[in-house]
There are 4 protein chains.
Amino acid sequence: MARVKSPEKRAAILRAAVRELANSGLGAPTAKIAARAGVAAGTLFTYFPNKQALLNELYLELKGEAYARVNAKFPGKGSLERRARHIWSSYLEWAIEFPEKRKVSVQLNVSDVITHDTREKTAAAGGAVRQTLSELDRRAALRGLPAGFASATMSALQEAAMEFVGREPRRRKHLMARGFQAFWRALR
Amino acid sequence: MARVKSPEKRAAILRAAVRELANSGLGAPTAKIAARAGVAAGTLFTYFPNKQALLNELYLELKGEAYARVNAKFPGKGSLERRARHIWSSYLEWAIEFPEKRKVSVQLNVSDVITHDTREKTAAAGGAVRQTLSELDRRAALRGLPAGFASATMSALQEAAMEFVGREPRRRKHLMARGFQAFWRALR
Amino acid sequence: MARVKSPEKRAAILRAAVRELANSGLGAPTAKIAARAGVAAGTLFTYFPNKQALLNELYLELKGEAYARVNAKFPGKGSLERRARHIWSSYLEWAIEFPEKRKVSVQLNVSDVITHDTREKTAAAGGAVRQTLSELDRRAALRGLPAGFASATMSALQEAAMEFVGREPRRRKHLMARGFQAFWRALR
Amino acid sequence: MARVKSPEKRAAILRAAVRELANSGLGAPTAKIAARAGVAAGTLFTYFPNKQALLNELYLELKGEAYARVNAKFPGKGSLERRARHIWSSYLEWAIEFPEKRKVSVQLNVSDVITHDTREKTAAAGGAVRQTLSELDRRAALRGLPAGFASATMSALQEAAMEFVGREPRRRKHLMARGFQAFWRALR
DNA sequence: GATGAATGAGGTTTCATTCAT
DNA sequence: TATGAATGAAACCTCATTCAT
C-alpha cells in the first residue's frame, strides 16, 4: 500500500501559511510556507493543488475554527440576548487569542482569491449561530433594516472592539461587555 | 524649460491604479497600471519612485477625497447629532458612488504597504471630522468605552451599511437613515 | 531524494560566464550566461544567489585554478630563483592558455564587485606561492622596498610579458625566459 | 548667432564622469554624471553623441593630461636614464595626485568600450615619451626582448609602485626612487 | 508520497536616448 | 542650446508549478 497523505503535514502547512501570510501578506511564497511547515516545496502541492486552493482551504479552516469556538457551550436554550452575548464573546476571545489567524482571515476576505463556492461553504458552516443571528435580524427588520444587517453589525462592532482590546488587554473583560452593550443597543 | 510633469498624467495613473487594483488586488502589475493610464511603463516611475510609494500616495488621495466630501457643507454649528449624521451620510455617499475606490482603500488599509508616516498624514487630514468624533468619544467614555471607539464604531457600521446599500440601491436613503439610527443608539 | 544539484551545471555556468564576460564585460546579462550554459534563466539562481555572488565565485575559481597550476610540481626544495621561476612560468602558461579567463580575472579585479571577503579568500589560497614571494620580499626589503613589492612586481611584469607572448606566440619560451630575467634583475 | 557649446560645460561633464565612474564603475548612469556636472540629463548628449563616445573622449582626456605632465619640463637633452627617470616620476606624481583619474583610466583600459581608433590616438599623443621609450626598447632588444617591452615594463612597475605609495604616502619620494631603480635594473 | 532542482513567465525597476518645450 | 519628461527595451530576480529521482 502506498504511503498515505498525513493529516499532520496538512495541518503543519496550514499553520505555516497563517504565519507567513500574517507576516508578508497574500504574496507570501509557497516555498516559504513549505519551509516553515518543515516540508519540501513540492510537497505542498500534493496536499493542495495550487496556491489559490490552499488559500481557500485555509479560509475555510479559519472560519471553521472560529465557528467551533462559538458552537461550543452554546446556550441553545437561553434568551436571545444570552445567545447573542455568547456569540459576541466567544468569537471575540478566539480573535484575541489568535490575532494572526484573524488578520489573515480578514485579508483573505477582502481579497479576490476566495471563490464564491468557498464563501457559500463558510456560510453553511454557521450552525447555531445563523439561527440566532436571523432571529436578531427579524427584530432588526421591524426597524426597517435588511436581512443580514444584524450579523454585519455584530462583526463590524467586533472589529472595533478587537482593536481596543488589542491596545488595552487588561481591560479585556470590561471592553467586551461594553462593546456588547453598544451592539445590543444599536439593534434595540 | 522642458515638458513639465503633468498633473493630468499623475491623476491618470492614480485613476488607472484604482481600476487595476480593484480588479486584481495589490499584486496588479505596474505595467498594466501604466498601460491603462495611457503612458509608457517607465513613465509611471517618473511620477512615483516605486510601487510602494504609488500605493501610499493613492491611499492618501483616496482618504483625502473622502474627507473633502465630508468637509464640504459641514454643519459646523449644528448639534452633535446633526454633525455626526452629516459625516455618516456624506462619507457613505462617496463610498457608494465610488465602490472601486472604497474597495481599494480597504485593501490598502489592511495590507502592510501603508507606512506609519502615511497613516499619520491621513489622521492629520481629519479636520472637522476629528473634532466631532472626539466629542462623540467623550460621550462614549461616559459609558466606559475607550477613546476612539466612536469613530471605530462609525466606520465599522458604515462598512456594514455599505454592503446593504450595494445590494439594494433603491433603498439607499432609507438604509442610510436607519443605519445612522443604529449607530446613534449604539452610543446613545 | 530529488534531483541533486549538479556540479556539471555549476561548472557550465561558470564556463559560460567566462565567455560572456570576456565578450561583453561585466555588464553581460545573466540570461545570456544561462543560455550559453544550456540552462534556464532561473536555474542560474539556484546555483548562485545573485549576479554579484556569481562573479565573486568565478573570481575565486579562476584564481584557484591559476594557483593550482603553480602548486603542481612546485619545486619546494629548489633554490629561491628556481622556485620564483616556476611561479613565473607556470602562472604565465595558464594565462596564455586561457586568455579569456585571464581577461575576466583582470576585469573582476579592477571592478568593485569583488568583496573584501573574496579577496581574503584568494590571498589565503596562495599556499607555496606566498612562502616564496615573501622570501623574495625579504630580499627586496634590503633594497628599501616595502613588503609585497616583489609579488606586485611579478604580477605587473607578467602582465607585460603576457601581452607580448600573445603577439608572438612562437617566441613564447624565449619571451618567458627573458621576462623572468628582467624580473629577477629588478629585484637582483 | 546661436549659443555656442560651452567648453566649461564639456569639462564639467568629464570631471563629473571621473567621479561617478570611480564610485560606481563603468555602469554609472549618464543621468548621474549630468547631475553632478550641474547640467540636465539631455544636455550631456549635445556634448557627446552617446555614452560610449563620452567614455572614449574621457579616456583621451585622461591620457592626454598624464602625457602633458610628462612633457612639461622634459629634459630633452638629458641622458637616457635622466629622461626615463623623469617619465617615471612625473607620471607617477600625476597618478598619485589624481587617484580617481587613474582608477578610471585603468578601468576604461581593460574594458571593451575603448575603440581601436581611440587607442591609436593615445599612442600618437606620446610625443617626447615615445622617443625615450623606444630608445629604451632598442637597448632591451639587445637582450632579446620585443619592441614595446620597455614601456610595458615601466607602466607595469608603476602600477606596483603606485599601490605602495598609496599605502605609505609619507615614503613617496623614497618609494618612487627605489621603484625606478628596480625598473632600471630590470632593463639593464 | 516526498524531495528539491529546474523551469520560464512575469514582476519591478533602471537607463540611454529622444524630443516637445 | 538647454531642459527634463517620456520612452520602452532590457536587466535582475522571484516564484508557482512540474517532474526526475
Side-chain angles (χ1 to χ4, degrees), chain A residues 1-6 9-10 27-35 38-55, chain B residues 1-6 9-10 24 27-35 37-54, chain C residues 1-6 9-10 24 27-35 38-54, chain D residues 1-6 9 27-35 38-55:
Chain A
M1 192 179 61
R3 246 169 303 179
V4 93
K5 276 197 266 192
S6 110
K9 255 170 212 173
R10 200 190 108 97
T30 54
K32 274 199 180 172
I33 294 172
V39 302
T43 302
L44 189 150
F45 293 92
T46 72
Y47 286 87
F48 305 93
N50 52 49
K51 190 180 185 182
Q52 153 134 312
L54 163 63
L55 295 182
Chain B
M1 210 187 356
R3 237 168 306 179
V4 89
K5 228 164 2 182
S6 103
K9 230 162 249 181
R10 200 191 108 99
S24 324
T30 53
K32 276 200 180 169
I33 294 172
V39 301
T43 302
L44 188 150
F45 295 94
T46 72
Y47 286 88
F48 305 93
N50 52 48
K51 191 179 183 182
Q52 152 134 309
L54 163 63
Chain C
M1 216 193 341
R3 238 169 305 180
V4 90
K5 230 167 352 187
S6 102
K9 231 161 249 181
R10 200 191 108 100
S24 324
T30 54
K32 276 200 181 170
I33 294 173
V39 301
T43 302
L44 189 150
F45 296 96
T46 72
Y47 286 88
F48 306 93
N50 52 48
K51 191 181 183 180
Q52 151 134 308
L54 164 63
Chain D
M1 193 178 64
R3 244 170 304 179
V4 93
K5 276 196 265 191
S6 109
K9 257 172 211 173
T30 54
K32 275 199 180 171
I33 294 172
V39 302
T43 302
L44 188 149
F45 293 92
T46 73
Y47 286 87
F48 305 93
N50 53 46
K51 191 180 184 180
Q52 152 133 312
L54 163 63
L55 296 182

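Just so we're on the same page: letters track the sequence lines, and every chain starts at 1. This one's a predicted model, so the numbers in the text were calculated from it and none came from an experiment.
- Here the P atom of nucleotide F:dC15 and the CG atom of A:Leu54 are 15 Å apart, to the nearest Å.
- Residue-level contact check: A:Lys9 touches the backbone only, with heavy atoms under 4.0 Å from sugar-phosphate atoms and none from bases.
- Between A:Ile33 atom CD1 and F:dT14 atom C1' the separation is 15 Å, expressed in whole Å.
- Nearest nucleotide to the A:Val39 side chain, out of E:dT7, E:dT3, E:dA6: E:dT3.
- Between the NZ atom of C:Lys5 and the C1' atom of E:dG4 there is a distance of 9 Å, given to the nearest Å.
- Contact detail for D:Ala40 and D:Ala34: the closest heavy-atom pair is O-CB, 3.7 Å.
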Donor-acceptor pairs are to be reported for all side-chain atoms of residues 44-53 of chain A against protein atoms at under 3.5 Å, with residues two or more places apart or in another chain.
residue	atom	partner	partner atom	Å
A:Thr46	OG1	A:Thr43	O	2.9
A:Tyr47	OH	A:Ser6	N	2.9
A:Asn50	OD1	A:Gln52	N	3.3
A:Asn50	OD1	A:Ala53	N	2.9
A:Lys51	NZ	A:Leu26	O	3.0
A:Lys51	NZ	A:Ala28	O	2.9

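- Scanning residues 44-52 of chain A for heavy-atom distances under 4.0 Å to DNA chain F yields A:Phe45, A:Asn50, A:Lys51.
- Within 4.0 Å of C:Thr30, counting heavy atoms only, lie sugar-phosphate atoms of the nucleic acid but no base atom.
- As judged by a 4.0 angstrom heavy-atom cut-off over every strand, B:Ala28 is placed among residues touching the sugar-phosphate backbone only.
- Comparing B:Thr43 and C:Gly27, the nucleotide of DNA chain F nearest to each residue sits closer to the 5' end for B:Thr43.
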Report summary line: Here DNA chain F, pairs taken as Watson-Crick or G-U under 3.5 Å and shown with ( ), [ ] when crossing and | when to another strand, reads .||||||||||||||||||||
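- Here the P atom of nucleotide E:dA20 and the CZ atom of B:Arg3 are 7 Å apart, to the nearest Å.
- Taking atom CZ of C:Arg10 as the reference point, atom C1' of E:dA5 lies 16 Å away to the nearest angstrom.
- Side-chain proximity of A:Ala40 to the nucleotides E:dT3, F:dT3, F:dA6 is greatest for E:dT3.
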